[in-house]
Amino acid sequence: MAGIDSKDIHKIIVACDAGMGSSVMLASQLRKQLKESGVTVEHTPVNSIPADADVVVCHAGLAARARAAAPGKPLVSFQVFLGDPAVTRLVETIRNGGTVDA
């Protein structure tokens, strides 16, 4: 799977199983962290990832379902909802430039 350059990231989807709880908090946190970058962060169920998503973020337990729902999209999977290093790297890459290869 090819990566995406940070300047080409306009929409991040935080995908979850039920659409509530911790993943909503993560989406809110990402919105705040990326506010200055102009990147939109939305929250959707893993089976409803929109086609215009540039990057999908989801818990590692949902990664296979997210890949099936959004084939070819860069996927950042995490273990911990708040403070996970994978999510921190994504934010830093968008802020500082680089490629998201997940």
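Every value quoted in this text rests on a predicted model; they were computed, and no experiment measured them. Residue numbers start at 1 and run along the sequence shown.
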What pair of heavy atoms forms the shortest contact from [X] to [Y], and how long is it?
| X | Y | value |
| --- | --- | --- |
| Leu62 | Val46 | O-CG2, 4.1 Å |
| Ile49 | Ala70 | CG2-CB, 3.8 Å |
| Ala66 | Val56 | CB-CG1, 4.3 Å |
| Ala69 | Asn47 | CB-CA, 4.4 Å |
| Ile94 | Ser6 | CA-CB, 3.9 Å |
| Ser77 | Ala60 | CB-CA, 3.9 Å |

With Phe81, which of His59, Met25, Gln29 fulfils side chain to side chain contact (heavy atoms under 4.5 Å, CB included)? His59

Residue among Leu75, Val41, Val76 satisfying side chain to side chain contact (heavy atoms under 4.5 Å, CB included) with Val57: Val76

Quick one: does any side-chain atom of Ser28 pair with a main-chain N or O of Val24 as donor and acceptor, under 3.5 Å? no

Without swapping roles, check the side chain of Lys73 against the backbone of Asp52 for a donor-acceptor pair under 3.5 Å. no

Less than 4.5 Å apart, any side-chain heavy atom of Asp17 and any of Arg65? yes

Is there a side-chain contact between Leu90 and Ile12 (heavy atoms, below 4.5 Å)?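 A side-chain contact under 4.5 Å exists here.
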
If you round to the nearest 0.5 Å, how far is [atom2] of [Y] from [atom1] of [X]?
| X | Y | atom1 | atom2 | answer |
| --- | --- | --- | --- | --- |
| Leu30 | Ile13 | CG | CD1 | 11.5 Å |
| Thr88 | Leu82 | OG1 | CG | 10.0 Å |
| Ser37 | Arg31 | OG | CZ | 12.5 Å |

For Glu42, all residues meeting salt bridge (Lys or Arg N to Asp or Glu O under 4.0 Å), sequence neighbours excluded: Lys11

Not counting sequence neighbours, which residues clear side chain to side chain donor-acceptor pair (under 3.5 Å) with Asn96? List them please.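 Counting only residues at least two positions away or on another chain, Asn96 forms no side chain to side chain donor-acceptor pair (under 3.5 Å).
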
Show the numbers, then the answer: is there a side chain to side chain contact (heavy atoms under 4.5 Å, CB included) between Leu26 and Asp84? CA-CA 10 Å; Leu26 175 59; Asp84 192 276; over 6 Å; no

